[in-house]
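Note that the coordinates shown come from a computational prediction; the quantities given were computed from them, not determined experimentally.
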Amino acid sequence: MPTITLPDGKNIRFLDKITGLQIAEKISNSLAKQAIVISVDGVLKDLDYVIDKDCSIKIFTSKNEEGLQTIRHDTAHILAMAVQELFPGTQVTIGPVIENGFYYDFARKEPFTKEDLIKIENKMREIVDRNEITKREIWDRNKAVNHFKKKGEIYKAELIRAIPEDEEVSIYYHGQWHDLCRGPHLLSTGKIGKYFKLMKVSGAYWRGDSKNEMLQRIYGTSWATQKDLDEYLKRIEESEKRDHRKLGKEMDLFHFREESPGTVFWHEKGWTLFQKLINYMRNKQNNAGYKEVNTPEILDRELWEKSGHWEKFGEHMYTSTTPDEKVFAIKPMNCPGHIQVFNQGLKSYRDLPLRISEFGKVHRYEPSGSLHGLLRVRGFTQDDAHIFCTEDQITSECLIVTNLILDIYKELGFENVILKYSDRPDLRVGSDSIWEKAELALLDAVKASKLEYTVNKGQGAFYGPKIEFVLRDAIGRDWQCGTLQVDLNLPSRLEASYVDKDGIKKVPVMLHRALFGSLERFIGILIEHYAGKFPFWISPLQTVVIPVTEDFNDYASEVSKKIRHVGISSIADTKKHNLNYKIRDHSQAKIPLLLICGKKEVDSNSVTIRRLDSNDHQNMNLDVFLQTFSALNKVS
RNA sequence: GCCCUUGUAGCUCAGCUGGUAGAGCAAUUGAUUUGUAAUCAAUAGGUCCGCGGUUCGAAUCCGUGCGGGGGCACCA
């Protein structure tokens, strides 16, 4: 006689054992129809799970995250079922739910083609129509292993063997087809609806290990309604439109070429953007007490051996052998160079904290498959700085850095920032006691920032723990940009020291920090965030002056020149095209302001402003225009 | 690096089962002089990614290298 507690606190007493579905039926018909899965004392169960003792329950529908995830999980099963019906001999492995959908990994010699995906999707709809009944059974572990082995399902057998001894081995049936699975599942295949779509096939290593064989992964998406599915597909389309590689080409910002994969050829407009960001940052950093320096791009191998990079990072480093057989490395980081700057002259505790910054171009040999437009390159410019300080200054310096980062992100249009804190990795230099100290000081700063943060165990740099700054863009995607790392190892390896109050030489703590991280990458993110429509002050070409007819070419050129003189970029478009053509042309080039000049403007010494994506025309006296807009120009 | 996929004019793309290439836009020239998202016409433009093979004949088929794309792994 179980007493069931509902989410609202009400108790219902049943005379006999009962299932989730029966409870839903008792509550309302519509709930029974919509019910997908039930939690019993916080554990998700199938709707036909038999409840025979007191407990509290909650019934989920597709409107809940739990319900939607169950739908996706079921869709993954139906995918596996469809694949095995169409392609006998294909082995199934795992098929989890992921953000917006699911995937399933298969072992099969022949690759799945695009046409196969269509066939599979049709088969899946057929299986939904067949409405196969779901059944759950608990099997003996050895029986299960042998069963799947006999069927030729080597991977499944291995998965079962890996299940901890104290856990049950549950098998789910959908009709005749069955699979090892923790569940829960919907009561039949008809319940998932048909709001799914197979998205793509790709390779994926068995158990995520690159030493293992590669399986074929089919990605899919699955939703509660057709509307949700359509909206999701629309969202993907929208983000493709923002792709910085596409916009970079269209807007003539940069290009890549075969001779040097993973490095950027910046065009005039892209480079203007680049320089604007550097100037903006330089100004901010000067105000925050940084000293900008510049250090060599190529340094003797010995230095990198001493710093530990050669051993820990060597496979990602470019090297160069000179005619006299000396080996130099092209810097993958700026830190050793900055320590050498610090090492010039005797430093006192009074010099600390010493903040050395550099817009340093570094090269890292990234795996070919990881390259991705501006977002992952082999040659890039860091807005790098190293702060030499005492242990007592760590937390306060970290806070200054955090505030600087947040200020800059905000001005560039990113309001949402979270922190990721990472502690010691397996592969590292330095003693445990030193790590202990560094981790605690950095964590203090994280907590003091009052920002939301996550902890990533074992993800720190080889020389110290770190914080990463993650910002959220206009369409909700997260990007890791800034980083702040405590380093208690490198300074001593490269013999940095300062004279303390007591006259004794001590090793300073070094903080590594980058705000954008990589300028290249940050520009990629900016392009996607703004969909190429940059705010006026960042835009690489801010104004185009358009004469209504050729008669006004001279006036347009003159206006354009005056605009350039107040530090706003401008060209006059005196080409032989009509007004409409030019407006369309420059609107597509995403120029923030178009200035139209005709008889009216000449007579009144004015311009008519047309803003991007707006049909409003605003006439303004030229001098007023120059004054108003140069004031908006934070950097030129 | 691994799996799949892809590479044709400056750009976007067409070119079926092998018979040495085509469109739109851009460019150039000419006409048009236009008030807020494409005026009209003519002209020019190609090592069909590189190398090798099959074939009488390869943009097309096969092999290989390089690059791009989607993932996986990597991201100190």
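Nearest-nucleotide mapping onto RNA chain B: of A:Phe380 and A:Tyr219, the residue sitting toward the 5' end is A:Tyr219. Comparing A:His617 and A:Asp551 by the nucleotide of RNA chain B that holds the closest heavy atom to each, the one mapping nearer the 5' end is A:Asp551.
Closest to the side chain of A:Ile596, from the set B:A31, B:G35, B:G70, is B:G35.
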Under 3.5 Å, which N/O atoms of the protein pair with N/O atoms of nucleotides 3-6 of chain B?
from: B:C3; atom 1: O2; to: A:Gly203; atom 2: N; distance (Å): 3.3

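The distance between atom CG of A:Asp573 and atom C1' of B:U33, rounded to the nearest whole Å, is 15 Å. Counting to the nearest Å, the C1' atom of B:U34 and the CG atom of A:Asn553 are 13 Å from each other. The CG-C1' distance, from A:Asn580 to B:A38, rounds to 8 Å in whole Å. Taking atom CD of residue A:Gln382 and atom P of nucleotide B:C75, one finds them 16 Å apart after rounding to whole Å. Following rounding to the nearest Å, A:Glu366 (CD) and B:A73 (P) show an atom-to-atom distance of 16 Å. Distance A:Lys249 NZ to B:G68 P: 12 Å, rounded to the nearest Å. For the pair A:Leu374 CG and B:G68 P, the interatomic distance rounds to 13 Å; values are reported in whole Å.
Taking a cutoff of 4.0 Å between a charged side-chain nitrogen and a carboxylate oxygen, A:Lys234 and A:Asp230 do not qualify as a salt bridge. Between A:Arg207 and A:Asp209, no side-chain nitrogen of the basic residue sits less than 4.0 Å from a carboxylate oxygen of the acidic one, so the salt-bridge criterion is not met. A:Asp252 has no carboxylate O lying under 4.0 Å from a charged side-chain N of A:Lys269, or vice versa, which leaves the two without a salt bridge.
Judged by atom type and distance alone, A:Tyr103 does not reach the base of B:G71 through any side-chain donor-acceptor pair under 3.5 Å. Counting atom types as modelled, A:Arg257 pairs no side-chain N or O with a base atom of B:C66 as donor and acceptor under 3.5 Å. The base of B:U36 is not paired with the side chain of A:Lys582 by any donor and acceptor separated by under 3.5 Å. With hydrogens and angles left out, the side chain of A:Arg207 and the base of B:A73 share no donor-acceptor pair within 3.5 Å. A donor and an acceptor atom never sit less than 3.5 Å apart when one is taken from the side chain of A:Glu315 and the other from the base of B:G1.
A search for side chain to side chain donor-acceptor pair (under 3.5 Å) contacts involving A:Asp585 returns nothing, not counting sequence neighbours. Residues forming a ring-ring contact (aromatic ring centres under 6.0 Å, His included) with A:Tyr555 (at least two apart in sequence, or on another chain): none.
In this structure, A:Arg521 forms no cation-pi arrangement with A:Phe516, as its terminal cationic atom is not both closer than 6.0 Å to the ring centre and no more than 45° off the ring axis.
Across all strands shown, B:C56 forms a Watson-Crick or G-U wobble pair with B:G19, both key distances being under 3.5 Å.
Under the 3.5 Å distance criterion, with hydrogens and angles disregarded, no donor-acceptor pair is assigned to the side chains of A:Gln216 and A:Asp105.
Here A:Asn619 lies out of heavy-atom contact (under 4.0 Å) with every strand. At the heavy-atom level, A:Lys575 lies nowhere under 4.0 Å from the strands shown.
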